[in-house]
2 protein chains.
Amino acid sequence: MKAPPLSERIRASIEARILSGEWPPGHPVPGEAELAAQYGCARMTANKALSALAHAGLVERRRRAGTFVARPRSQSMVLEIADLAAEVTARGDAYAWRLTSRTQARSDALGSLGDVLEIEGVHLANGVPLAFERRLVKLAEVPAIAAADLAQVAPGTWLLAHAPWTEAENRISAQAAPSEVAKALGLPKASPCLTVERRTWRGDAPVTLVRQYYVAGAWEFVARFGAKG
Amino acid sequence: MKAPPLSERIRASIEARILSGEWPPGHPVPGEAELAAQYGCARMTANKALSALAHAGLVERRRRAGTFVARPRSQSMVLEIADLAAEVTARGDAYAWRLTSRTQARSDALGSLGDVLEIEGVHLANGVPLAFERRLVKLAEVPAIAAADLAQVAPGTWLLAHAPWTEAENRISAQAAPSEVAKALGLPKASPCLTVERRTWRGDAPVTLVRQYYVAGAWEFVARFGAKG
DNA sequence: TAGTGGTCTAGACCACTAA
DNA sequence: TAGTGGTCTAGACCACTAA
């Protein structure tokens, strides 16, 4: 057991008072100069502690006014979204991908009009359908995918390795499976599905738009807040 | 347009090279001393830039070895989870809560055996059922809730204001609505629902466990990664 | 064992803004 | 206008670990 750094001890001590309710929202937090005097440290060390708390959204800092406990508007949870192939494998299951359709067309679904590759297929875990996906990829942004063998490797896996993105947005919802999705997943008509619509960008340019339909009960997303694993 | 701080410019310049693919995973990133020489700044300024990148998971730093572009294992999206009342109101809809059941019992569903308050009710937007929730609250951790008027204020809203937590976990999935849930929401039997199971802790002690069933199509969770709003 | 990151110091100047 | 945060400097000592 090694003592944590001083800046971390200062940070944790303030965090504890906020989370315990001792310092409610709006309550003033000691400033950098005061903390430096109190802990006998340099102002930079106190700054590091307060900056980390501000970054985490626990305090608000205003020039001239000071530092205050933030009002809890919303909590930002961290949602880890890995490649489906990697996640199924990490779970100890056998992953497989079955390409069912691959067409090329002109579309404006990705912002501007342009050539897009449309891919449909099914992700399987231990041979059982886990999710159906329909994906559009902007060929102007990712020309190399035209030559990729998407029967062997899922497009998401391929893109992760070949086309970095800078922005992503995931919309998670639920719906009854449309008939073609139910058929692809081997489900009764209108079975409940967990759906994810994901868009990614490189800079301002849209790269891909994918809609995935997960078999209800076979998948869940876990979002966490806090220090625990 | 004001020039961003030097440490931020250094950080952004490295980030750009990583996201463009110019520096692939595993590629070495200039160390603190090298950046300081290159930019003519103090080592602390370079440290700030590299520490921020490490915190964001874009680089890995190893003593003696150096700093390297991180391999993209998974992407941590930020999922904002606000209080349902606040979120419905922010959307411009009228929020209401209808308490349907409130009982007290002994249960070990929250870790250890103890008295729990069990609350059931429906969240409404513009008078239309949006979600059903069933919640357990550990009375030993939140004794004040016994006196709260949970017909007037939803338990989640009350807890946000009165019982801070330090850890939270959300599991998002989908399922067919159980019959009592379908009834409470005014849905046909086995309608698809988006479900959230949320546990919160204060330190090591479980505070609450709630399961919410959202009407499919009426709600979605949005998780983002990147600089965009 | 030598080089990297991790942390800290004791100053400094400035921007911003509430009083 | 005075006090707070924002950022930076030019050092320092140390822990760790790959070579």
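Letters go in sequence order (proteins before strands), and every chain restarts at 1.
- Under the 4.5 Å side-chain criterion, counting only non-hydrogen atoms from C-beta, B:Leu209 is not in contact with B:Val116.
- A:Ile145 has its side chain out of reach of A:His162: every pair of non-hydrogen atoms, C-beta onward, lies at least 4.5 Å apart.
- For the pair B:Leu50 CG and C:dT4 C1', the interatomic distance rounds to 12 Å; values are reported in whole Å.
- Phosphate proximity of D:dT9 to B:Thr45: present, with a side-chain N or O under 4.0 Å from OP1 or OP2.
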Could you walk me through whether B:Ile14 and B:Leu35 pass side chain to side chain contact (heavy atoms under 4.5 Å, CB included), step by step? CA-CA 10 Å; B:Ile14 296 171; B:Leu35 285 173; 3.9 Å; yes

Base versus backbone protein contacts along nucleotides 10-19 of chain C [heavy-atom cut-off under 4.0 Å; B, S, -]: B-B--BBBBS

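- For A:Tyr214, the ring-ring contact (aromatic ring centres under 6.0 Å, His included) partners are A:Trp219, A:Phe221, not counting sequence neighbours.
- Nucleic acid contact for B:Ser7: sugar-phosphate only, since backbone atoms but no base atoms lie under 4.0 Å from a heavy atom of the residue.
- If B:Ala33 and A:Pro4 are placed on DNA chain C by their nearest nucleotide, the residue sitting closer to the 5' end is B:Ala33.
- Among the atoms of the strands shown, only primed sugar atoms or phosphate atoms (P, OP1, OP2) are found under 4.0 Å from some heavy atom of B:Thr67.
- Side-chain contact between B:Pro155 and B:Val210 is absent, with no heavy-atom pair separated by less than 4.5 Å.
- Here the P atom of nucleotide D:dT7 and the NE2 atom of A:His55 are 12 Å apart, to the nearest Å.
- Applying the ring pair (Phe, Tyr, Trp, His ring centres under 6.0 Å) definition to pairs two or more places apart or across chains, those involving residues 8-32 of chain B are B:Trp23-B:His27.
- The separation between B:Arg9 atom CZ and D:dG6 atom C1' is 14 Å, rounded to whole Å.
- To the nearest angstrom, P of D:dG5 lies 18 Å from NZ of A:Lys48.
- Among the candidates B:Arg211, B:Arg171, B:Arg134, the single residue satisfying the salt bridge (Lys or Arg N to Asp or Glu O under 4.0 Å) test with B:Glu197 is B:Arg211.
- Across all strands shown, B:Leu6 has heavy atoms under 4.0 Å from sugar-phosphate atoms exclusively, and none from any base.
- The side-chain heavy atoms of B:Arg198 and B:Ile81, taken from C-beta on, include a pair separated by under 4.5 Å.
- Rounding to whole angstrom units, CD of residue B:Glu32 and P of D:dC8 are separated by 14 Å.
- If you take OH of A:Tyr39 and P of C:dT9, they are 13 Å apart, rounded to a whole angstrom.
- Between A:Glu87 and A:Tyr95 the shortest side-chain heavy-atom distance does not fall below 4.5 Å.
- Distance, A:Glu60 CD to D:dG6 P: 12 Å, rounded to whole Å.
- For DNA chain C, if you chain together Watson-Crick or G-U pairs that step i with j, i+1 with j-1 and so on, the runs of at least three with distances under 3.5 Å are C:1-18 with D:1-18.
- To the nearest 0.5 Å, atom OG1 of residue B:Thr200 and atom CG of residue B:Asn170 are 9.5 Å apart.
- Scored by the salt bridge (charged side-chain N to carboxylate O under 4.0 Å, His left out) test, A:Glu32 finds A:Arg43, A:Arg61 as partners (sequence neighbours excluded).
- Using a 4.5 Å heavy-atom cutoff, the side chains of B:Leu117 and B:Val142 are not in contact.
- The stretch residues 24-31 of chain A has no heavy atom under 4.0 Å from DNA chain C, so no residue of it qualifies as close.
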